[in-house]
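Computed from a predicted structure; not experimentally measured.
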Amino acid sequence: MRVLIIIPAYNEEDSIVDVIDNLKETNEDVDYVVINDCSKDGTRKLLLEKKLNHISLPQNLGIGGAVQSGYIYAREHGYDIAIQMDGDGQHPAEEITKLVDPIMNGEADMVVGSRFVTKDGFQSTALRRFGIKFLSGLIKMRIHQRIYDVTSGFRAVNVKGIELFSNNYAQDYPEPESLITAAKFGLRICEVPVMMKERQGGVSSISSFKSVYYMIKVSLAILLGGNY
């Protein structure tokens, strides 16, 4: 199977080269594409200088639009599996096989890499863990399945998921909402434990000021979405 790693990047000049180097060292048989979402720092310059495979978007689309661009790329280039992976160094490339195996074995259409199944590695702040647990409960109400790490951006899908997300992907804070979309269209979702790290550079898109907006917006999207 052909596997593509989708790496959305916004102002990741401090980490993006190390992320790609580590990916190449540990996963020689997979391809990657960096989606540069109009970074304002030196990210684009580094991608060009190092001749790293990338797409520089003509305007900033946000995380949802950047990731969806990656899924469109995966669909247009005939990939069998697409994996989302952050450009800030939080997602170790060594853990990729854990995401791929359930798809290769025919056990799942979508696999979420979780910090909270075995609670190993970096666990985020107590406040964020509380918010994630709250959203996890809301999502369970909608899809009747418990997903512990609903905000994880480290996940994989098969061809069915690639087709779905290339046409239908939430834009603002898409990780929780995309689980609802996947369930709505019949994707089999599973969660596997992975080790994650603290971000190696850049700044989180969810600041303290935005956290209240995030919780309200995502909660409403989960509760008011279509019936499944």
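Pairing each heavy atom of Val19 with each of Gly89, the nearest pair is CG2-N, 3.6 Å. What you find for Gly137 and Arg146 is that their closest heavy atoms are N-NH1, 3.4 Å. Closest non-hydrogen pair, Asn158 versus Ile103, comes out as CB-CG2, 3.7 Å. Minimum heavy-atom separation, Gln171 to Gly65: OE1-N, 3.1 Å. Contact between Tyr79 and Ile162 at its shortest, heavy atoms only, is O-CD1, 3.5 Å. The nearest pair of heavy atoms linking Cys38 to Pro58 is SG-C, 3.8 Å.
Aromatic ring pairs are classed by plane angle as parallel below 30°, tilted from 30° to 60° and perpendicular above 60°; the pair Tyr73 and His77 is parallel. Between Tyr71 and Tyr169, the ring-plane angle classifies as tilted under the 30° and 60° cut-offs.
Using a 4.5 Å cut-off between side-chain heavy atoms of Ile, Leu, Val, Met, Phe, Trp and Tyr, with links allowed through other members, Ile6 and Leu57 fall into the same hydrophobic cluster. Put simply, Met215 and Ile180 are part of the same group of oily side chains (I, L, V, M, F, W, Y) that touch within less than 4.5 Å, one to the next. Under the 4.5 Å side-chain heavy-atom criterion for ILVMFWY residues, no single connected hydrophobic cluster contains both Val34 and Leu48. The hydrophobic clustering, which links ILVMFWY residues whose side-chain heavy atoms are closer than 4.5 Å, places Leu4 and Val159 apart. One hydrophobic cluster, built from ILVMFWY side chains closer than 4.5 Å, holds both Tyr148 and Ile139.
Without hydrogens or angle criteria, Glu95 side chain to Met195 main chain gives a donor-acceptor distance under 3.5 Å. Listed for the Ser178 side chain is a donor-acceptor partner under 3.5 Å among the backbone atoms of Glu175. Without hydrogens or angle criteria, Asp41 side chain to Glu13 main chain gives a donor-acceptor distance under 3.5 Å. Side-chain atoms of Glu94 do not come within 3.5 Å of backbone N or O of Thr26 as any donor-acceptor pair. Judged by distance alone, with hydrogens and angles left aside, the side-chain atoms of Ser114 form no donor-acceptor pair with the main-chain N or O of Ile147 at under 3.5 Å. In this structure, Gln84 contributes its side chain and Val67 its backbone to no donor-acceptor pair below 3.5 Å. Remark: side-chain polar atoms of Ser166 are not paired, donor with acceptor, to backbone N or O of Ile72 under 3.5 angstrom. A donor-acceptor contact shorter than 3.5 Å is absent between the side chain of Asp149 and the backbone of Phe116.
The shortest side-chain heavy-atom distance between Met104 and Ile81 falls under the 4.5 Å cut-off. In this structure, the side chains of Leu61 and Gln68 stay at 4.5 Å or more apart for every pair of heavy atoms. Contact check for Tyr32 versus Leu52: side-chain heavy atoms found under the 4.5 Å cut-off. For the pair Val111 and Lys98, the minimum side-chain heavy-atom distance is 4.5 Å or more. Val150 places a side-chain heavy atom less than 4.5 Å from the side chain of Ile132. Contact annotation: the side chain of Met110 approaches that of Leu179 to within less than 4.5 Å [non-hydrogen atoms, C-beta and beyond]. Between Val17 and Glu49, every side-chain heavy-atom pair lies at or beyond the 4.5 Å cut-off. Side-chain contact check for Ile16 versus Asn36: every heavy-atom pair is 4.5 Å or farther apart.
Side-chain contact of Ser152 with Arg115: a donor-acceptor pair under 3.5 Å is absent, judged by distance alone.
The number of heavy-atom neighbours closer than 6.0 Å to CZ of Arg188, taken from other residues, nucleotides and ligands shown, is above 12. In the displayed structure, Lys133 atom NZ is contacted under 6.0 Å by at most 12 heavy atoms of other residues, nucleotides or ligands. Enclosure of atom NZ in Lys50 is not indicated, since only 12 or fewer non-hydrogen atoms of other residues, nucleotides or ligands lie within 6.0 angstrom. More than 12 heavy atoms of other shown residues, nucleotides or ligands fall within 6.0 angstrom of atom CG in Asn105.
Salt bridge Arg2/Asp80: absent, no basic N to carboxylate O contact under 4.0 Å.
Rounding to the nearest 0.5 Å gives a distance of 6.5 Å between OG1 of Thr43 and CD of Glu12.
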